[in-house]
Structure formats: structure tokens, C-alpha cells
Amino acid sequence: MAPPSKLSLGIKRASRSHTYHRRGLWAIKAKHGGAFPKAEKPAAAAEPKFYPADDVKPRAPSTRKANPTKLRSSITPGTVLILLAGRFMGKRVVFLKQLKSGLLLITGPFKINGVPIRRVNQAYAIATSTKVDISCVKVDKFDDKYFARDKKTKAKKTEGELFETDKEGTKNLPDFKKDDQKSLDAELIKAIEAVPDLKTYLGARFSLRDGDKPHEMTF
Amino acid sequence: MVKGRTGQRVRLYVRGTILGFKRSKSNQYENTSLVQIEGVNTKEEVAWYAGKRMAYVYKTKTKSSGTHYRCIWGKVTRPHGNSGVVRAKFKSNLPAESMGRKVRVFMYPSSI
């Protein structure tokens, strides 16, 4: 163990010249031409005109990242789902894939039951045990951006036009979306027609009848 | 009510009857209603319905948002007793005239 650096309070073991030599400041001085390099003092900040009344810590932004939505184990690509709410409630549709937002990409197919390529939330769909083989179907081009709403260009209205109703009532589906539907369904319908009765099954809607107990049903 | 809904009408809800409010002999707590769901007769069967949304639909004399029908949304919270009765909480407390009337118990949020 090294000898203690203090012999007593205030009395150091090494002499001034010894410690000076040990610290090596002479070497730094020699390197910089005889003088110890002085660090530049940062320019003094101007006194702010305004001091807030309370000393409040600025809130640090949250670094929490949301986990991706978990897909129910009963829902796999090709599963037939029953939609529980919305315009197409009761319709049986084919599940294609889960999108990055967590929503499920589905299609009727359109020719069979009128349901287009659409997104649906897992909570509003019942997964049945019926599966369709969708290995030949290409779904890579569909993502959440595909379904984004078109931004309406707001033209400045003159005084007269302000009182006119919007002429943008009609929402025409762009042609490329219609073509996407056709090409996606073409493959899918072939796979569906290979299974007996599946086409009529998908065309029929689900409904509860008298005496039905959903808590006892297997879907 | 969706306009222009021609064709098949599908029922995707289970019917339920509003029995009244959660209560003891002489006090009632209107923030929680009791609902008897059709076909549900035991405490164990209620587990499937926990969290499912319900709607109390009623008609009014005046129109709001273009229709005479209005609705109070709620959800199944927990079983009440051993025989399949269910406790439900609604967005606003149900009116007393709802007692004995129907409520729709939907199948969503689904966990099947």
C-alpha cells in the first residue's frame, strides 16, 4: 500500500516541488510554449429580460413506444371473419393480413358479397374456423397509406361562393383501386371456388336467431 | 338506424331486459343497472359477455340528428348473483322508464 498522502491534518507527505513535478503541469507548459493553455471562457449570456414567476422543470418528452397490436391466435391469413358492426355487419369476409396500424386487411371478395378491400378492427370481427388458402394472393402493396383520405384542396371562396354548398358530394373511387380489387379477388375467387359451398357461405350473412346463445357457439 | 338498409336485416346482438338498478332493500344506486340477458342462466356463462357493449334504444317525439331514435351506450361490467343476471354501466344512467324494456347486448369487443 502506498504511504499515506497526509501525515497529519494539513501536512502533506510530498513537498510542493515534488507534487508539482508529479502533476506534470511543466510538460503541458512546455508543449504550449511556456504558458499553461487557458481555456476560453464562454461569452457571458445576456441577462434575460423575462424570468418566469415559478421555477418549473420543462417536461421531457415521453420515450414510451407503443407495442404492435397483438393479433388473436384464431386469426390467421385466410381465415373467414364475421363482421360485427358497421355497414357490412353480418358479412363473412376473408382476412388477408394485419397492417402496421394493427387493423386487419379484409376483402369480401367484392364479387361474392360486396365487401371491398377494407380495414377492420379485430374487436369487431369474430374469427371462424373456416380457412381459405391465400398463398397465391399478393397483398404486399396494401398498407395504411393506401387507405388514407384524400386531402381536399381548399380553394379560397369568394363572398358569393361562401353560401353555395360544397360540390364535392360525390366520392368516386379512383380507377386504380377498382383494378386492385379485381386483381386481388381474381386469385382469391379461384381458391374459394375450389372448396365446395364456400362461395355461398361467404355470400350469406350471419345473424342470430331465436334461441341462439353466442356464449355457447363455436364459430 | 342506417338509411337505405334494404335486404336482409341481421341481428348481431343478444336481447336483454333491464331489471332495474343495483339496490339494497331501501336504497338504489342508479349508476349501475341490472340486465337479464336472454339465454344466460349462470354466473359462469356471463364471463363471455364481460365487457361487451350494450345499447338502450328508445324513441322520442322530437328528432335529433335526423331520427326519432336515440340510444344510450353502456357495457356489461360483471355478473350479479349466481343466475346469469349482469351488472351494466351506461354512459349516462338509464331512466326509470327503461325498467322492463329491452336492451341490445352486442358481440363486440370480440375475443373469439
Side-chain angles (χ1 to χ4, degrees), chain A residues 69-76 79-93 95 98 102-104 106 108 112-115 118-131 169 171 200-219, chain B residues 1-17 35-57 66-67 69 71 73-80 82-88 102-112:
Chain A
T69 316
K70 212 159 58 161
L71 190 61
R72 277 204 294 261
S73 56
S74 53
I75 303 178
T76 59
T79 310
V80 173
L81 304 175
I82 300 177
L83 300 180
L84 292 173
R87 187 159 166 223
F88 300 105
M89 68 167 125
K91 297 259 188 198
R92 296 175 167 105
V93 294
F95 166 67
Q98 184 182 31
L103 300 172
L104 312 179
I106 55 156
I112 296 182
N113 53 20
V115 181
R118 215 167 192 259
R119 297 183 296 176
V120 93
N121 189 315
Q122 259 188 90
Y124 296 90
I126 291 184
T128 62
S129 52
T130 314
K131 313 257 185 233
K171 289 169 229 164
T200 35
Y201 175 69
L202 289 176
R205 282 170 101 160
F206 174 81
S207 177
L208 287 175
R209 302 273 176 74
D210 271 357
D212 278 355
K213 301 181 193 181
H215 62 274
E216 284 176 6
M217 290 179 171
T218 335
F219 284 95
Chain B
M1 299 301 280
V2 183
K3 64 167 190 250
R5 182 60 65 91
T6 52
Q8 295 187 300
R9 280 177 202 260
V10 287
R11 175 164 70 88
L12 283 158
Y13 56 85
V14 185
R15 289 184 285 246
T17 316
V35 172
Q36 170 78 273
I37 306 179
E38 269 184 29
V40 180
N41 296 313
T42 61
K43 191 163 66 167
E44 289 73 31
E45 291 175 6
V46 174
W48 190 91
Y49 292 90
K52 298 284 183 282
R53 313 217 73 212
M54 339 163 81
Y56 167 65
V57 184
T67 176
Y69 287 89
C71 156
W73 284 98
K75 51 167 92 158
V76 173
T77 52
R78 50 174 285 190
H80 180 80
N82 295 322
S83 307
V85 176
V86 132
R87 291 193 203 179
K102 291 289 175 206
V103 80
R104 301 185 189 189
V105 183
F106 296 99
M107 302 206 283
Y108 54 80
S110 157
S111 57
I112 305 176

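Naming convention: chains lettered A, B, ... in sequence-line order (proteins, then strands); numbering from 1 in each chain.
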### Task
Find the one option among B/Pro109, B/Ser110, B/Gly39, B/Ala47 whose heavy-atom pairs under 4.5 Å with chain A are most numerous.
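Answer, by heavy-atom pair count under 4.5 Å with chain A: B/Ser110.
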Is it the side chain or the backbone of [X] that comes within 4.5 Å of chain A heavy atoms, both, or neither?
{"X": "B/Tyr49", "value": "side chain"}
{"X": "B/Val46", "value": "neither"}
{"X": "B/Glu45", "value": "both"}

### Message
I'd like to know whether NZ of B/Lys102 has more than 12 heavy-atom contacts from other residues, nucleotides or ligands below 6.0 angstrom.
### Response
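Yes, enclosed.
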### Task
May I ask you to test the A/Phe206-B/Met107 pair for a side-chain heavy-atom distance under 4.5 Å?
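They are in side-chain contact.
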I need the [X] [atom1] to [Y] [atom2] distance, nearest 0.5 Å.
{"X": "A/Asp210", "Y": "B/Arg11", "atom1": "CG", "atom2": "CZ", "value": "6.0 Å"}
{"X": "B/Ile112", "Y": "A/Leu81", "atom1": "CD1", "atom2": "CG", "value": "11.5 Å"}
{"X": "A/Leu84", "Y": "B/Lys52", "atom1": "CG", "atom2": "NZ", "value": "9.0 Å"}

### Message
Which heavy atom of A/Leu208 sits nearest to which heavy atom of B/Leu12, and what is that distance?
### Response
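Closest approach of A/Leu208 to B/Leu12, heavy atoms only: CD1-C, 4.1 Å.
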### Task
Mind listing the closest non-hydrogen atom pair of A/Ala123 and B/Tyr108 along with its distance?
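Minimum heavy-atom contact is O-CB, 3.4 Å.
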### Task
Could I get the full list of side chain to side chain contact (heavy atoms under 4.5 Å, CB included) partners for A/Leu103, not counting sequence neighbours?
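Side chain to side chain contact (heavy atoms under 4.5 Å, CB included) list for A/Leu103, sorted by chain: A/Ser101, A/Arg119, A/Asn121.
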### Message
Under the side-chain contact (heavy atoms from CB on, under 4.5 Å) test against B/Trp48, which residue among A/His215, A/Met217, A/Glu216 passes?
### Response
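That would be A/His215; it is the only one of A/His215, A/Met217, A/Glu216 passing the side-chain contact (heavy atoms from CB on, under 4.5 Å) with B/Trp48.
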